[in-house]
There are 2 protein chains.
Amino acid sequence: MRSVQVTIKDIARELGISPSTVSRALKDHPDISIETKKAVTELAEKLNYTPNSIALSLRQQKTNTIGVIIPEIIHFFFSTVISGIEDIAYDAGYSVIVSQSNESYDREVMDSKALFNNRVDGMLISLSRETTQFDHLKSLFDRGVPMVFFDRVTDAINCSKVVVDDFGGSFEATEHLINQGYKRIAHLSGPKSLTISEVRLEGYKAALAKHNIPYDEKLVMRDKASEDEQSAKKLTEQLLSGPNPPDSLFAINDIAALGAMMAAKEKGLKIPKDFGIVGFSNWRFTSLTEPPMTTVNQPGFEMGQEAARLLIKQIEAKNDEVIEPETVELKTNLVIRGSSVPK
Amino acid sequence: MRSVQVTIKDIARELGISPSTVSRALKDHPDISIETKKAVTELAEKLNYTPNSIALSLRQQKTNTIGVIIPEIIHFFFSTVISGIEDIAYDAGYSVIVSQSNESYDREVMDSKALFNNRVDGMLISLSRETTQFDHLKSLFDRGVPMVFFDRVTDAINCSKVVVDDFGGSFEATEHLINQGYKRIAHLSGPKSLTISEVRLEGYKAALAKHNIPYDEKLVMRDKASEDEQSAKKLTEQLLSGPNPPDSLFAINDIAALGAMMAAKEKGLKIPKDFGIVGFSNWRFTSLTEPPMTTVNQPGFEMGQEAARLLIKQIEAKNDEVIEPETVELKTNLVIRGSSVPK
DNA sequence: TTGAAAGCGCTAACAA
DNA sequence: TTGTTAGCGCTTTCAA
């Protein structure tokens, strides 16, 4: 800002006309004569004039900016979400400003304030792991700030949300294993306290039921399988060395899937020939993992797009128009890496 | 912005005092009486007043914002850089706005314009792969916009830069192998046209020279090793099946390292017992890769910090103060995953 | 077809 | 200790 800034006034002075005429000429107002327009645009070009967005925002009471709060940018999933948001936002004439809460409640509070102070036209939020109280967002929402939650959502605020179809994804994952010919499918789950564990477990059960495979409680492992690889590995070892071992496994997330894979390999089992594994994932498995690996992926890009669409719809609603909050459940994608070897 | 906004005027009206008094009271100006201050801060609190950053920026001709342009946010390296930038920027009272060029020259041009229009106080830039012409940045720089390049830099603009110590990192990588007892060290390099390939090759040569290991041209493979795993794998196979095979390998980047690893494993070689591999990396090798793996990592976080420091120094320099551009070469880190098994 | 004036929210020099 | 005034860059109503 200390830098040289060309303003409308500069152009007006140089051309001996008024700032308002310059302003109108620049936006191709019908009232302005062609000669004036020509002179103005040429000089603007020559001086490298670019409109000051700050002044514009203040004047229009609109920043054309969307604020995003995510837990961490280094997560592949959230990076994809951002790309999806930008994809829609740019086309609609909005820029995007991203801030990371780093999974901290305090940071989330600060971030939401900062975004409000910057008068973003709306916010897209994925809650930090620490957040259990929502006043900071509720008060903004009540003051009329358009808001959409994605992935990590809360029921405490009655606005639109975009989430993953956990049930459908788990169903699909489990059914995929069944379709490959596996009969005894284990499940590495998460703690009972987490809704997501329960929902994914339900999807697993539903797929079994559909194919008339009896549900065997002994095939479902919970404690900490979803938290670190080593636990997942141990639980899988336990399963594999039991009396009636599974021939395949559905893991609630990447961590669990990796642990399972390590256990199976150490047992000398070929994947997926001897042992099938599907993991629910919000990372992208790049070539860093060994194929063949099957995952049910969370649709990050699409989630970003959808959230941005919902938000922009709200922002651009006429003042009297009432937009009903809606919750969108996004279909997951089944991704098969490497060659899928049916049994 | 359509949302309810409490302004200084509202407080002034309600208290029957002037806006300037409110403004002064809020920033604890010494002239204001304690009672007035108390009344103002209490009402501000009650009404949930927060200052409008837009108005502030316009008034102060300073946005307290740093603009960042990176090729892609999904790259782990760039995500870490951003965290480093934020770390320094927040402490210094700046917010950070990030835009991705998606490796496109046109997008980079647009991004730089958008950041300028938003009157960021300075810019941190890592060039897109496509960029070979620098007028869009040069013109901003000449207009006095503070600017620092990092990682992907150009000599066309005479501003501060932060880069990785490619020579030192390669030297370290190679020496690490030597110290482990390896004697015939191959090198998967990149195309001659890339400065980075040449510099890393020089580091490799220098380490060999220091330890009196003769340089053998036949151990250096170039074509496309750095571009895709399969090429790297083939080149390594070639090396391994030759008459006088290497006992270890220094790979110019992750891709090449992975290819080499695959080739060695298929040959039945244990890593690092039978075959040592070190890769120069700007990704983080997570548990997704199999340990033990040794890498020389680019210091993303530190790079972000350093770049932000240099930029802020420039931004906050007094008008008459001249800041000489400097180029900082950051030390790389040797990262050893898993247990290092000396020969 | 153009200009003058007011105002978006805020601060600061000057006056009282 | 407080108020008045002007102005940051821009748009827009009203008047000419």
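In the text below, chain A, chain B and the rest are named by the order of the sequence lines, each starting its count at 1. Just so you know, these numbers use all the heavy atoms, side chains as well, and skip hydrogens, waters and symmetry mates. Computed from a prediction, not measured in an experiment: that's the story for all the values here.
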Problem set entry | Any A:Y49 side-chain nitrogen or oxygen under 4.0 Å from OP1 or OP2 of D:dC10 | yes
Exercise. What heavy-atom pair brings A:F150 and A:I69 nearest, and what distance separates the two atoms?
Worked result: CZ-O, 4.4 Å
Seminar exercise, completed: The side-chain contact (heavy atoms from CB on, under 4.5 Å) partner of A:F149 among A:V163, A:L137, A:L124 is A:L137
For this session: Take the protein atom NZ of A:K9 and the nucleotide atom C1' of C:dA4, then report the distance between them rounded to whole Å.
Result: 14 Å
Problem set entry | Side-chain H-bond candidate by donor/acceptor type, A:D151 with A:S126, under 3.5 Å | no
For this session: Figure out the CG/P separation between A:D28 and C:dT2, and round it to whole Å.
Result: 13 Å
Seminar exercise, completed: Separation of D:dC8 atom C1' from B:L58 atom CG, nearest Å, is 4 Å
For this session: Examine C:dG9: is either OP1 or OP2 under 4.0 Å from a nitrogen or oxygen in the side chain of A:Q61? Give yes or no.
Result: yes
Problem set entry | Point-to-point distance, once rounded to the nearest 0.5 Å, from OG1 of B:T131 to CD1 of B:I125 | 10.0 Å
Problem set entry | Separation of C:dG9 P from A:N117 CG (nearest whole Å) | 14 Å
Problem set entry | Whole angstrom value for the distance that separates P of C:dC10 from NZ of B:K27 | 11 Å
Problem set entry | Nucleotide of D:dT12, C:dG9, D:dG9 approaching A:Q60 most closely (side-chain heavy atoms) | D:dT12
Seminar exercise, completed: Once base and sugar-phosphate atoms are separated, protein heavy atoms under 4.0 Å mark nucleotides 1-6 of chain D, 5' to 3', with B, S and - as BBBB--
For this session: Round to a whole Å and report the spacing from CG of A:L15 to P of C:dT1.
Result: 17 Å
Problem set entry | Approximate separation, where rounding is to 0.5 Å, of A:L115 CG and A:T65 OG1 | 10.0 Å
Exercise. CZ of B:R13 versus P of C:dG9: gap in Å, rounded?
Worked result: 11 Å
Exercise. B:K138 side chain to B:Q133 main-chain N or O, any donor-acceptor pair under 3.5 Å?
Worked result: no
Problem set entry | Length of the CG-P vector between B:D10 and C:dG9, whole Å | 8 Å
Exercise. Do A:Q61 and A:R119 come within less than 4.5 Å of each other through their side chains, counting heavy atoms only?
Worked result: no
